[in-house]
Amino acid sequence: MRIVLQRVSQASVTVDGAVVGEIGPGFVALLGAGENDTREIAAKMAEKISKLRVFADENGKTNLSQADVGGEILVISQFTLYADCRKGNRPGFTGAGSPRQACELYEYFADVCEGLFARAARGVFGAMMSVSLVNDGPFTVILDSGDLGY
């Protein structure tokens, strides 16, 4: 599982002209599910994100987790995180999970986040989405379940 995590002051996602999810301060998580990912990996990734200490404390140090600041999360499906650009000029996506598997893991990840964050919102799997966000910092982290030993 690959996640590009951006700390934001606010974010929203729109599908067909309608806002389907929005948050205040917290994270936007662009999530790509790989062919070998499982629900266990999705839960571990959500837990890891919920505990990341990337919010400023009273001294301006990045020392607080989202739980300490009441952070929210907006989860967006992003299979293109599995783009393989090593050959030619057209990316391949053979490492991405099947649409059925990826949708199930995306929805499960978002469900787990609902229990870990003050508020969790999500986009629509497989839809053409417009994501608007205000980066805070900017502070962007890339998480890969393989690199984390999951």
Side-chain angles (χ1 to χ4, degrees), residues 1-85 91 93 95-97 101-150:
M1 184 166 286
R2 293 181 181 158
I3 297 174
V4 173
L5 190 69
Q6 296 179 299
R7 189 178 69 188
V8 299
S9 57
Q10 63 185 33
S12 65
V13 60
T14 303
V15 176
D16 294 329
V19 174
V20 296
E22 60 187 336
I23 62 165
F27 293 124
V28 168
L30 304 175
L31 181 147
E35 60 190 352
N36 296 318
D37 287 331
T38 63
R39 289 169 71 104
E40 180 183 1
I41 289 170
K44 286 181 178 180
M45 295 288 278
E47 185 76 24
K48 177 74 168 180
I49 289 168
S50 75
K51 294 179 178 179
L52 286 177
R53 295 178 4 192
V54 298
F55 294 93
D57 64 15
E58 64 278 356
N59 298 316
K61 304 281 187 194
T62 53
N63 200 30
L64 301 177
S65 72
Q66 62 78 27
D68 298 320
V69 299
E72 302 177 2
I73 190 167
L74 175 60
V75 183
I76 305 294
S77 61
Q78 186 78 48
F79 81 95
T80 59
L81 293 176
Y82 277 88
D84 182 348
C85 299
F93 299 97
Q101 173 205 19
C103 181
E104 192 270 328
L105 290 173
Y106 164 76
E107 295 293 346
Y108 181 74
F109 177 89
D111 289 345
V112 171
C113 286
E114 287 179 356
L116 297 172
F117 288 80
R119 181 174 181 207
R122 64 186 85 183
V124 176
F125 184 87
M128 179 60 82
M129 295 176 274
S130 295
V131 180
S132 298
L133 59 96
V134 178
N135 274 338
D136 181 21
F139 200 112
T140 302
V141 176
I142 299 172
L143 298 139
D144 188 303
S145 59
D147 294 343
L148 296 170
Y150 301 155

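This structure is a prediction, so every number in the text was calculated from the model and none was measured. Atom set for the values below is all heavy atoms of this structure, side chains included, hydrogens, waters and symmetry mates excluded.
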Novice: Quick one: pull up CG in D68 and CZ in R53 and give me the separation to the nearest 0.5 Å.
Specialist: 9.0 Å

Novice: Grab the two heavy atoms, one from G34 and one from Q101, that are nearest each other, plus how far apart they are.
Specialist: O-NE2, 3.4 Å

Novice: For residues V13 and V131, determine if any side-chain heavy atom of one lies less than 4.5 Å from a side-chain heavy atom of the other.
Specialist: yes

Novice: How long is the gap from CD on E107 to CZ on R122, to the nearest 0.5 Å?
Specialist: 5.0 Å

Novice: Can you confirm whether L148 is buried at CG, in the sense that more than 12 heavy atoms of other residues, nucleotides or ligands lie under 6.0 Å from that atom?
Specialist: yes

Novice: To the nearest 0.5 Å, how far apart are CG in L64 and CG in L52?
Specialist: 12.5 Å

Novice: Relative to each other, are the rings of F27 and F117 parallel, tilted or perpendicular (30° and 60° limits)?
Specialist: perpendicular

Novice: When you measure from the side chain of R7 to the backbone of V54, do you find a donor-acceptor pair of N or O atoms at a distance under 3.5 Å?
Specialist: yes

Novice: Output, in order, the C-alpha distance, side-chain angles, deciding distance and verdict of side chain to side chain contact (heavy atoms under 4.5 Å, CB included) for L5 and I142.
Specialist: CA-CA 6 Å; L5 190 69; I142 299 172; over 6 Å; no

Novice: State which residue, out of I49, I76, D144, fulfils the side-chain contact (heavy atoms from CB on, under 4.5 Å) condition with I3.
Specialist: I49

Novice: Working to the nearest 0.5 Å, report the span between CD of E40 and OH of Y108.
Specialist: 9.0 Å

Novice: Under the side chain to side chain contact (heavy atoms under 4.5 Å, CB included) rule, what do I23 and I73 come out as? Steps first, then yes or no, please.
Specialist: CA-CA 7 Å; I23 62 165; I73 190 167; 5.5 Å; no

Novice: Quick check: closest heavy atoms across V20 and G123, and the distance to 0.1 Å?
Specialist: CG2-CA, 4.3 Å

Novice: Would you say that P25 contacts D136 through its side chain, given a criterion of any heavy-atom pair below 4.5 Å between the two side chains?
Specialist: no

Novice: Side chain to side chain contact (heavy atoms under 4.5 Å, CB included), that's the test. Do T14 and M129 meet it? Break it down for me.
Specialist: CA-CA 6 Å; T14 303; M129 295 176 274; over 6 Å; no

Novice: Got a donor-acceptor contact below 3.5 angstrom from the T38 side chain to the I41 backbone?
Specialist: yes

Novice: Closest heavy-atom contact between M45 and M1?
Specialist: CE-O, 3.7 Å

Novice: In Å and rounded to the nearest 0.5 Å, what is the CD to CG distance from Q6 to L74?
Specialist: 10.5 Å

Novice: So, for A120 and A110, which heavy atoms are closest and what is the spacing to 0.1 Å?
Specialist: CB-O, 4.4 Å

Novice: Okay, side chain of Y106, backbone of V75: is any donor-acceptor separation there less than 3.5 Å?
Specialist: yes

Novice: Please report the interatomic distance OH(Y150) to CG(L143), rounded to the nearest 0.5 Å.
Specialist: 8.5 Å

Novice: Whether the side chain of E72 engages the backbone of A121 through a donor-acceptor N/O pair (distance < 3.5 Å, no angle test) should be reported.
Specialist: no

Novice: At their closest point, which heavy atom of Y82 faces which heavy atom of A33, and how far apart are they?
Specialist: CE1-C, 3.6 Å

Novice: Looking at every heavy atom in both S77 and G126, which two are closest together, and how far apart are they?
Specialist: OG-N, 3.9 Å

Novice: Has the side chain of R2 got a donor or acceptor atom that lies under 3.5 Å from a matching backbone atom of L81?
Specialist: yes

